[in-house]
Amino acid sequence: MSIQEKLIKWYEVNKRDLPFRDIKDPYKIWVSEIMLQQTTVTAVIPYYKRFIERFPDIETLANATIEEVYKYWEGLGYYRRALHLHKSANLMKDTFPKEYKDILALIGVGPYTASAIMSFAYHKPYIAVDGNALRVLSRLYAIEENIALNKTVKTITDIGNQLVIGYDSAKINQGIMDFANAVCLPVHPHCNECPLQKECTAYLTNKQDVLPINIKKVNKKSLSYITGIVVYDDEVMLIKNKNGLLENMYLLPQYEVESPYSFIEAFKEDYGIDLEVLSHLKDFKHVFTHRTWYMHVYVFKADIRSIDFYTKNKQEELTIPTAHKKILKHYEG
DNA sequence: TATCCGTGGTC
DNA sequence: TGACCAAGGAT
């Protein structure tokens with residue numbers, strides 16, 4: 001039996017039952033693939049269901065406001081994915097593209113996602129090279145190159161595209177994903193129950209624990225903020241973040257300063273309004289991929305009725321990322 | 001090419 | 001607990 005046949009056989013028996021699996025609508029497949037970028041299946045499922053229920057087709061998504069689309073993304077992370085979906089839906093009119101190059105041209109869609117859609121929706125012979133495929137194939141063929149490099153991804157893509165010829169690529173791709181999730185794990189893979197033992201060069205040379213080689217340097221910066229719960233009556237001030245990290249999200253005002261008194265000065269400079277410290281709430285820490293925020297949260301009182309970006313208690317409408325949502329929950333709870 | 005972009009789970 | 005990872009892509 002070939003590697004492909006063994007993989008498909010394993011898949012037929014062990015495949016996961018997922019809401020975005022074995023569906024034909026390229027729109028829904030697209031939405032699921034965007035959500036699944038760097039995001040676990042467990043996290044995606046409820047978001048996917050809610051999103052599709054509210055935006056069942058291209059036209060409904062295109063006609064929605066970006067603020068509402070963001071709201072359905074709240075807590076999922078990488079918020080620009082929602083922006084890209086909305087933009088693409090507006091460009092698409094009502095038909096989803098069918099060619100690889102046209103799908104790849106969509107903002108937010110790269111080689112992985114374009115290949116996955118071609119495979120899952122149209123059963124075309126494209127390998128979908130994600131983290132799973134990189135791991136499985138680099139072990140299978142003992143590729144001792146850094147998978148964080150584009151060159152290595154290209155090498156593995158070429159191998160995968162050969163593997164898919166003559167088979168249903170959807171079964172190969174999804175088979176690899178479920179197999180990578182259940183057997184060919186990132187750490188301590190279950191080689192003793194692997195159907196590809198005899199074909200796996202890594203296993204045969206005892207390199208399954210060192211492959212894939214994944215070297216990426218991440219320098220993580222720490223930032224220390226005074227974060228303000230600025231209240232007037234029972235309303236809390238939120239500001240739309242204009243750029244960078246958490247762009248377009250609504251945040252509590254915060255400054256990279258040492259004391260609440262410096263916060264008051266900075267706030268006065270920005271908005272021309274005097275604050276009064278009421279209390280120290282709590283210190284929070286939030287870890288991002290490239291950054292860690294230490295937030296010393298104080299409650300301030302002010303008359304902020306005069307400023308037009310004061311957003312009142314509209315938390316049901318505004319998209320507030322987890323980093324600050326958990327502060328608000330603590331404050332309100 | 002290197003860096004940025006979120007969050008939650010795991011050990 | 002910090003480091004790593006999860007169906008990556010844009011700049």
Side-chain angles (χ1 to χ4, degrees), chain A residues 15-16 18-21 28-48 70 73-85 87-88 103-121 126-136 146-154 157 160 169-170 172-182 184-189 212-222 241 243-249 251 285-293 319-326:
Chain A
K15 65 183 287 191
R16 287 176 287 182
L18 303 171
F20 35 78
R21 174 153 285 173
K28 295 192 177 80
I29 292 170
W30 172 53
V31 169
S32 73
E33 288 305 330
I34 299 295
M35 284 188 170
L36 285 160
Q37 290 169 0
Q38 296 292 284
T39 310
T40 57
V41 168
T42 312
V44 164
I45 289 174
Y47 281 87
Y48 173 79
Y70 276 140
W73 213 270
E74 186 176 73
L76 237 204
Y78 289 141
Y79 297 96
R80 64 175 60 159
R81 295 183 294 177
L83 179 62
H84 292 159
L85 275 178
K87 276 188 179 173
S88 297
I103 297 173
L104 185 62
L106 299 173
I107 183 76
V109 171
Y112 161 75
T113 304
S115 300
I117 295 171
M118 287 303 289
S119 173
F120 302 162
Y126 289 85
I127 191 75
V129 182
D130 64 346
N132 293 309
L134 288 173
R135 184 168 68 253
V136 171
N146 184 4
I147 61 166
L149 299 177
N150 283 337
K151 195 181 75 172
T152 311
V153 175
K154 197 159 226 169
T157 302
S169 68
I172 300 284
N173 282 319
Q174 303 189 62
I176 288 175
M177 290 172 182
D178 283 10
F179 174 71
N181 181 265
C184 200
L185 304 173
V187 290
H188 307 313
I213 295 167
N214 190 0
I215 303 167
K216 42 178 185 277
K217 346 167 214 211
V218 176
N219 65 345
K220 188 172 283 186
K221 277 187 243 173
S222 289
N241 185 35
N243 50 46
L245 183 64
L246 301 175
E247 185 175 6
N248 297 328
M249 301 296 102
L251 301 178
K285 176 185 176 184
H286 189 81
V287 180
F288 298 93
T289 305
H290 289 273
R291 234 166 285 206
T292 302
W293 281 3
T319 304
I320 304 162
T322 304
H324 279 185
K325 192 90 178 180
K326 61 189 183 189

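A note on names: the letters A, B, ... follow the listed sequences, proteins ahead of strands, and every chain is numbered from 1. Just so it is clear, the model here is predicted, and its values are computed rather than measured.
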_I'd like to compare against my own output: the B/S/- annotation of nucleotides 1-7 of chain C with a strict under-4.0 Å heavy-atom distance to protein._
-S--SBB
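Whole-Å rounding puts the N243(A) CG to dC4(B) P distance at 14 Å. Per the geometry, NE2 belonging to H324(A) stands 13 Å off C1' belonging to dG6(B), to the nearest Å. Atom-to-atom, CZ of R291(A) to P of dC4(B) comes out at 6 Å; the value is rounded to the nearest Å. Spacing between atom CG of L76(A) and atom P of dG8(C) amounts to 13 Å, rounded to whole angstrom units. Atom CG in L83(A) sits about 10 Å away from atom P in dT11(C), given to the nearest Å. Rounded to whole Å, the distance from CG on L246(A) to C1' on dC5(B) is 9 Å. Rounded to an integer number of Å, the gap from CD1 of I34(A) to C1' of dC5(B) is 14 Å. Spacing between atom CD1 of I103(A) and atom P of dG9(C) amounts to 13 Å, rounded to whole angstrom units.
Looking at heavy-atom distances under 4.0 Å, L149(A) makes no contact with the nucleic acid at all. Contact annotation for V44(A): no contact, since no heavy-atom pair falls under 4.0 Å across all strands. Contacts of A133(A) with the nucleic acid, taken as non-hydrogen atoms under 4.0 Å apart, are absent. Contact annotation for T42(A): no contact, since no heavy-atom pair falls under 4.0 Å across all strands.
Both G77(A) and N150(A) lie near DNA chain B, and the one whose nearest nucleotide falls closer to the 5' end is N150(A).
Here H286(A) reaches the OP1 or OP2 of dT7(B): one of its side-chain N or O atoms lies under 4.0 Å away. A sub-4.0 Å separation between OP1 or OP2 of dC4(B) and a side-chain N or O of H290(A) is present. When the side-chain nitrogen and oxygen atoms of Y79(A) are compared with OP1 and OP2 of dT7(B), one or more of them lie within a distance under 4.0 Å.
Listed by chain and residue number, V129(A), L134(A), T157(A) satisfy the side chain to side chain contact (heavy atoms under 4.5 Å, CB included) test with V153(A) (two or more places apart in sequence, or in another chain).
Nucleotides dG8(B) and dT1(C) are separated by 15 Å at their C1' atoms, to the nearest Å. Rounded to a whole angstrom, the distance from the C1' atom of dA7(C) to that of dT3(B) is 22 Å.
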*Take M177(A) and L36(A) through the side-chain contact (heavy atoms from CB on, under 4.5 Å) test and state the conclusion after the steps.*
CA-CA 12 Å; M177(A) 290 172 182; L36(A) 285 160; over 6 Å; no
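Looking at every heavy atom in both residues, V109(A) comes nearest to T113(A) through CG1-CB, 3.9 Å. The minimum heavy-atom distance between Y112(A) and E33(A), with the atom names listed, is OH-OE1, 2.7 Å.
Ring centroids of H290(A) and F288(A) are separated by 6.0 Å or more, keeping the two rings apart.
One finds the CG atom of N241(A) at 8.0 Å from the CG atom of N248(A) (value rounded to the nearest 0.5 Å). Separating the CZ atom in R81(A) from the OG1 atom in T39(A) is a distance of 3.5 Å, to the nearest 0.5 Å.
Within a 6.0 Å radius of NZ in K221(A), no more than 12 heavy atoms belonging to other residues, nucleotides or ligands are found.
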